Amino acid sequence: MHDIRAIRLDPDAYDTGWAKRGAAPAAAELVALDEARRAAQTALQQAQSRRNEVSALIGRARASGNVEVAEALMADVELLKREIAEQTAIEAELAERLRDRLATLPNLPAPDVPPGDDETANVEVRRWGEPYADSPAKDHVDLGAALGMMDFEAAARMSGARFVVLRAGLARLERALGQFMLDVQTQEHGYVEVSPPLLVRDEAVFGTGQLPKFAEDLFHTTDGRWLIPTAEVSLTNTVAGVITDEAALPLRLTALTPCFRSEAGASGRDTRGMIRQHQFQKVELVSITTPEQSGAEHERMVECAESILKRLELPFRTVLLCTGDMGFTARKTYDLEVWLPSQKTYREISSCSNCGDFQARRMDARAKRAGEKGARFVHTLNGSGLAVGRALVAVMENYQDEGGRIAVPQALHPYMRGLTRIGAEEG
RNA sequence: GGAGAGGUGGCUGAGUGGUCGAAAGCACCGCACUCGAAAUGCGGCGUACUCGUGAGGGUACCGUGGGUUCGAAUCCCACCCUCUCCGCCA
């Protein structure tokens, strides 16, 4: 959500920013709406002011027993009442239109985001690890089926497409990955572990920007709540409506949760395997910072995510998304892409975004220095640290041997109760 | 799920139709007293929007949204949340 006063001050900057993301100019329309709204508000307030004056007079006339004067004044107010009703309606209508319009406009890209229309214009900023050129490259679906531990058919029977049943070693490996990631982020990177709600209200999902535009990507419950598509929603909303003490910032929060996505727009894409599921586990990282801190925090967050891939010894590259490839709420985004031997390509496994004050404005999350006046909107950042489902795919494919068994990465050994190779002789 | 109580400023807490943006206390800031501090005294001290070059003015906000009324923190309705008791339950 953007500040209408900032748009009023420099409409061109906003139109230029939106253009970079392929969005149509909107500033002129917004400014006109706002002008009309303010005019209506002023008219309304003047009418209210007059009504308040007359009402006070009525009170005084009554008190002094002057009934006739009071009656006459009450008649006068009738006209004002009508005017107030009219102006209230006009003002409310304009305010709602302005709000609705503002709510659907994407964040502006940061100045250092490369221009471009789609992922082909993204910029690789670094690469880590070397893909083995001649290693076996069965994909995780074949590997999992051969192991008897990954069952898409059973999942389809009970839940439909885009679900999976994991068993035995793979189920344990998934759990190990989640625990490992959470431990690293909490014990080494200072994130506070959070166990948040998975079902949230409209306002929460509006706050992080999935509503109103992307409702069809979410699951909606019969009692009107939403299943979180990412713990970003729950974690970021912990500061919704709150004024935090600036001294407490940055706030670093993490959670391992299931995520639920309807994948409405993705029919036909990644239909095979675990890459794109309706339900998956993810360790999410969220930082709440001052405006001054967010840039450095963003870089730090990317490194926190990268460290997981390094510890798992999975080859990856870090990509700076171009203006056209960023999500709705982001002003700058890095993606981490992990090497998948079966596809001979890098696939997204983490996305780290600095949202500036875009989400904070939507959810009214502010901070101020103790004892000082004036609260400012905080900056919010979120990133995957990492997507567990995709990490499982990456481990399986990168750690497979000719026999279709999966070596357990060294970093996960403490979490596997002695199991170092999946598909050997364990059960 | 049933029954009841309640949601007021940073906190505690008064206020049941008019001059209440809201008493009082605490906290905080300034001034006075003091060598300094404490105590004491005096004054100040919410947020948002809006009008105005400015000084300053106006409007709204007492959980949220509606309604009644010339006028609502106060009356009515719905919803949200908290607490207590009962029931159910991992």
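So you know, we letter chains A, B, ... as the sequences are listed, proteins then strands, and number each from 1. These numbers come from a predicted model, not from an experiment.
Atom CZ in A/Arg62 sits roughly 14 Å away from atom P in B/rU19 (whole-Å rounding).
A donor atom on one side chain and an acceptor atom on the other are not found under 3.5 Å apart for A/Ser342 and A/Lys138.
Contacts of A/Leu73 with the nucleic acid, taken as non-hydrogen atoms under 4.0 Å apart, are absent. Within 4.0 Å of A/Arg225, counting heavy atoms only, lies no atom of the nucleic acid at all.
Judged as a side-chain hydrogen bond (donor to acceptor under 3.5 Å, both in side chains), and not counting sequence neighbours, A/Thr222 has no contacts. Under the side chain to side chain contact (heavy atoms under 4.5 Å, CB included) criterion, A/Glu86 pairs with A/Arg82, sequence neighbours left out. A/Asp15 pairs by the side-chain hydrogen bond (donor to acceptor under 3.5 Å, both in side chains) definition with nothing, not counting sequence neighbours. Legend: residues meeting side-chain hydrogen bond (donor to acceptor under 3.5 Å, both in side chains) with A/Arg366, ordered by chain and number and at least two apart, are A/Asp364. In terms of the side-chain hydrogen bond (donor to acceptor under 3.5 Å, both in side chains) criterion, residue partners of A/Glu29 (sequence neighbours excluded) are, by chain and number, A/Arg101.
A residue-by-residue look at A/Ala56 and A/Met74 shows that A/Ala56 has its nearest nucleotide of RNA chain B further toward the 5' end.
For the salt bridge (Lys or Arg N to Asp or Glu O under 4.0 Å) condition, no pair includes a residue of residues 228-240 of chain A, sequence neighbours left out. Residue pairs that meet the ring pair (Phe, Tyr, Trp, His ring centres under 6.0 Å) test with at least one member in residues 154-208 of chain A, sequence neighbours left out, are A/Phe163-A/His278.
Using atom C1' as the reference point in both B/rC89 and B/rU16, the two lie 41 Å apart (nearest Å). Comparing the same atom, C1', in B/rC88 and in B/rU74 gives a spacing of 39 Å after rounding to whole Å.
Here B/rU34 sits opposite no nucleotide as a Watson-Crick or G-U wobble pair (both hydrogen-bonding atom distances under 3.5 Å). Taking a pair to require two hydrogen-bonding distances under 3.5 Å in either a Watson-Crick or a G-U wobble arrangement, B/rG1 pairs with B/rC86. Using Watson-Crick or G-U wobble geometry with both donor-acceptor distances under 3.5 Å, B/rA14 finds no partner in any strand shown.
The nucleotide whose nearest atom lies closest to any side-chain atom of A/Ser55 is, among B/rC70, B/rU19, B/rC81, B/rC70.
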N/O contacts under 3.5 Å, protein versus nucleotides 58-60 of chain B?
residue: B/rG58; atom: O3'; partner: A/Ser49; partner atom: OG; Å: 3.1
residue: B/rG58; atom: N2; partner: A/Gln45; partner atom: OE1; Å: 2.7
residue: B/rG58; atom: N2; partner: A/Gln45; partner atom: NE2; Å: 3.1
residue: B/rU59; atom: OP1; partner: A/Asn52; partner atom: ND2; Å: 3.3
residue: B/rU59; atom: O3'; partner: A/Gln48; partner atom: OE1; Å: 3.4
residue: B/rU59; atom: O2'; partner: A/Gln48; partner atom: OE1; Å: 2.8
residue: B/rA60; atom: OP1; partner: A/Arg51; partner atom: NH2; Å: 3.3

Each nucleotide N or O in nucleotides 7-9 of chain B that has a protein N or O under 3.5 Å away: list the pair and distance.
none

